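One structure is given below, encoded as structure tokens.
Since the structure is predicted, the reported quantities are computational estimates derived from the model, not experimental observations. First the proteins, then the strands, lettered A, B, ... as listed; each starts at 1.
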2 protein chains.
Amino acid sequence: MNLARRRPWTNAFSTEALCTRILERHRDSIRVQKPRLAVANLARIIGATLTLSNKQGFHATTLRQLAEASGLSMGGLYTYIDSKPRLLSMILDEVAATTTEVLTAPPDDVRDDAHKHLDWIIATHIRMSEAMQPWFVFAFMEAKSFPPAERQRAIDMEAMTEKIIADVLRQGVASGAFTIDHVKLTASLIKPLLQDWYVKRAKYRKRGTSIDGYIDGVGNLLSAALSNGNRTNGRTSARARARPKQMAHP
Amino acid sequence: MNLARRRPWTNAFSTEALCTRILERHRDSIRVQKPRLAVANLARIIGATLTLSNKQGFHATTLRQLAEASGLSMGGLYTYIDSKPRLLSMILDEVAATTTEVLTAPPDDVRDDAHKHLDWIIATHIRMSEAMQPWFVFAFMEAKSFPPAERQRAIDMEAMTEKIIADVLRQGVASGAFTIDHVKLTASLIKPLLQDWYVKRAKYRKRGTSIDGYIDGVGNLLSAALSNGNRTNGRTSARARARPKQMAHP
DNA sequence: ATTTTCTGAGAGAGCGCTCGCTCGTTTTTC
DNA sequence: GAAAAACGAGCGAGCGCTCTCTCAGAAAAT
């Protein structure tokens, strides 16, 4: 089927490519000298980490399982990582770096059209999270449960993505392309729409939803919601204040 | 300030109320006889479980920490639970049961107006997740990492919520209230909007977003997106197919 | 070309420690 | 004083991590 021919995204976000960058960033703590060998083994270690952690959680994944799954010994493992938490930072750092790099470099023909720019962000974020799915799931699920430094990094990354979206929305409001009451809140609501694709990937796969279909779904929902002056028609406070007087029965 | 006066939601979803139901459901495995005592200690155990697990993960939470935090001893703990995984099922079961009960019982004056019904689901789900925030966070974050039975239960619960939403959307399309291309996909996209409130509660708290503001934000976004015939104007496949030819650089 | 030396990658048993869980004993309750 | 509840030292298993050892193959010496 020759699926692999000319698929730059899949290749640029392959485990090997990402591990090459990880090796560069962590040369001092990785004791193996030969780069080819180091990248190959690092890729197997990190691949195993992602697979096992996304199944059972990082904390529940033992170094013995990791050794077994990556075809190394306990000792061999420790020529690549100097502690288990360090393995976590390696992965988190790489996700953060790649995400930032990709999202902050929109193509020129998109920058000054808010509609196109928002569409580009949606498509790019979703496709990137598809190509790096285990990495994104790992970062999302494990970020909360580890050292303060990494935790803060995850929060910052979330804030950055949101700011990028908010900036585009503001630009669109200024140019008349969008009509939005609360830009920051709206930007916050767009993020989970992008995240759902990888957080609940299994659900969409089982249901047969294609990535193009999902991107269109999010894009259409948002352009319908933001495009025209569908103003808050007095129902606002009604909705907010209408608390059920009674609940089911609990 | 007398905040507690007449707050039925807060009371009905209090740890005590929920633990009373848990006790009923697990009478056979809880060896303490006196109900008042059992509920009180169960509440402290489960409260501690939620607090600690949401900070560091359920797996990383040890029974010694749990004993300390709930004011019991190791042995004391084991008169209430017969294993650590069982503690997880207790919590998951209770969240599932309560959610199902509440969402499947909309008030009569809402049933036959799709707009009002959707607004009711949004407000109810968000308020319930606010009142039971630690429980919802726990269920969301830990569901993936434990036994197949509980895992399936979480998937089923997600599917149920989605089905309820999809039914309302379909009803709205039939009555002309909504215009929606893909009902199932749209229903899938609404869920993460509801979940974001509790998954990222800290972010919204720090930012000063009120629950009413959030409910309005989601409600307005959706009613703008679904209400009028903002049809797919030929840009659909453009968006989907427009893959970046080149990426940032990685 | 053959032998010797050196070296970096990997192996895997074992260390100290903490985990979930048990059980004989003590305290509390009625 | 009997029954119910709580206690907490202790068990074996399994954790992250270390350390000594092996050995292929490159480099140097013959």
Side-chain angles (χ1 to χ4, degrees), chain A residues 19 23 26-49 52-53 55-91 142 145-147 150, chain B residues 19 23 26-49 52-53 55-91 142 145-147 150:
Chain A
C19 285
L23 176 62
H26 292 266
R27 254 200 218 294
D28 48 336
S29 73
I30 295 175
R31 301 209 305 271
V32 174
Q33 303 300 325
K34 303 168 74 175
R36 294 190 83 85
L37 182 64
V39 168
N41 278 335
L42 207 54
R44 294 198 299 176
I45 293 170
I46 288 183
T49 305
L52 289 168
S53 294
K55 212 169 284 176
Q56 46 185 251
F58 180 72
H59 191 90
T61 300
T62 75
L63 291 174
R64 268 163 264 259
Q65 289 179 306
L66 230 50
E68 161 112 49
S70 59
L72 286 176
S73 65
M74 286 292 292
L77 226 52
Y78 271 83
T79 50
Y80 292 90
I81 57 164
D82 49 14
S83 75
K84 199 190 174 193
R86 183 64 153 258
L87 186 55
L88 185 125
S89 336
M90 283 181 173
I91 298 174
E142 309 292 346
S145 54
F146 254 107
E150 324 302 346
Chain B
C19 285
L23 176 62
H26 292 263
R27 253 200 219 296
D28 49 337
S29 73
I30 296 174
R31 299 211 306 271
V32 173
Q33 301 302 324
K34 302 167 74 180
R36 295 190 82 85
L37 181 65
V39 168
N41 278 334
L42 206 55
R44 295 199 299 178
I45 293 170
I46 287 184
T49 305
L52 290 168
S53 294
K55 212 169 283 172
Q56 47 187 247
F58 180 73
H59 193 90
T61 300
T62 74
L63 291 173
R64 268 164 263 258
Q65 290 178 307
L66 229 52
E68 161 112 47
S70 60
L72 284 176
S73 65
M74 287 292 291
L77 227 53
Y78 272 82
T79 49
Y80 292 89
I81 56 163
D82 49 14
S83 78
K84 200 190 175 192
R86 181 65 152 258
L87 187 54
L88 185 126
S89 339
M90 283 180 173
I91 299 173
E142 308 292 346
S145 53
F146 255 106
E150 324 300 345

key: Side-chain heavy atoms of Leu77(B) within contact of Ile45(B), under 4.5 Å   =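 A side-chain contact exists here, since the closest heavy-atom pair is under 4.5 Å.
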
inquiry  = Do Leu72(A) and Thr79(A) have side chains that approach each other closer than 4.5 Å (heavy atoms only, starting at C-beta)?
reply    =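 Side-chain contact under 4.5 Å: no.
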
Along DNA chain C (nearest heavy atom to each residue), the more 5'-positioned of Pro85(B) and Ser73(A) =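 It is Ser73(A) whose nearest nucleotide is closer to the 5' end.
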
ask   = On DNA chain C, nearest-nucleotide positions of Ser83(B) versus Gln33(A): which is more 5'?
value =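 The residue mapped nearer the 5' terminus is Gln33(A).
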
task = Taking all non-hydrogen atoms of both residues into account, name the closest pair between Tyr80(A) and Ile30(A) and its distance.
result =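 Heavy-atom minimum between the residues: O-CG1, 3.3 Å.
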
Atom [atom1] of [X] to atom [atom2] of [N]: distance rounded to whole Å?
{"X": "Leu66(A)", "N": "dG14(D)", "atom1": "CG", "atom2": "C1'", "answer": "16 Å"}
{"X": "Leu72(A)", "N": "dA11(C)", "atom1": "CG", "atom2": "C1'", "answer": "10 Å"}
{"X": "Gln65(A)", "N": "dG14(D)", "atom1": "CD", "atom2": "C1'", "answer": "11 Å"}
{"X": "Tyr78(A)", "N": "dA11(C)", "atom1": "OH", "atom2": "P", "answer": "15 Å"}
{"X": "Arg36(A)", "N": "dA9(C)", "atom1": "CZ", "atom2": "P", "answer": "16 Å"}
{"X": "Ile45(B)", "N": "dA5(D)", "atom1": "CD1", "atom2": "P", "answer": "13 Å"}
{"X": "Lys84(B)", "N": "dT22(C)", "atom1": "NZ", "atom2": "P", "answer": "15 Å"}
{"X": "Arg31(B)", "N": "dC7(D)", "atom1": "CZ", "atom2": "C1'", "answer": "13 Å"}

ask   = Hey, is the side chain of Lys34(B) poking within less than 4.0 Å of OP1 or OP2 on dC30(C), counting only N and O atoms?
value = yes

message = When you measure from the side chain of Arg31(B) to the backbone of Tyr78(B), do you find a donor-acceptor pair of N or O atoms at a distance under 3.5 Å?
response =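 Here the side-chain-to-backbone pair exists.
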
query = For His59(B), does its backbone N or O pair with a side-chain atom of Lys84(B) as donor and acceptor, under 3.5 Å?
reply = yes

request  = Determine, stepwise, if the pair Thr49(A) / Thr61(A) fulfils side chain to side chain contact (heavy atoms under 4.5 Å, CB included).
outcome  = CA-CA 8 Å; Thr49(A) 305; Thr61(A) 300; 5.9 Å; no

query = So what does Asn41(B) touch, heavy atoms closer than 4.0 Å: a base, only the sugar-phosphate, or nothing?
reply = sugar-phosphate

request  = Answer with base, sugar-phosphate or nothing: what part of the nucleic acid does Leu77(A) contact at a heavy-atom distance below 4.0 Å?
outcome  =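 The answer is nothing, as Leu77(A) stays clear of every strand by at least 4.0 Å.
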
inquiry  = Within the supplied structure, the quantity of interest is the number of heavy atoms (other residues, nucleotides, ligands) at a distance under 6.0 Å from Glu68(B) CD; does it exceed 12?
reply    =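 Not more than 12 within 6.0 Å, no.
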
Could you list all N or O pairs between the protein and nucleotides 9-13 of chain D that sit under 3.5 Å apart?
{"from": "dG10(D)", "atom 1": "O6", "to": "Arg64(B)", "atom 2": "NH1", "distance (Å)": "3.4"}

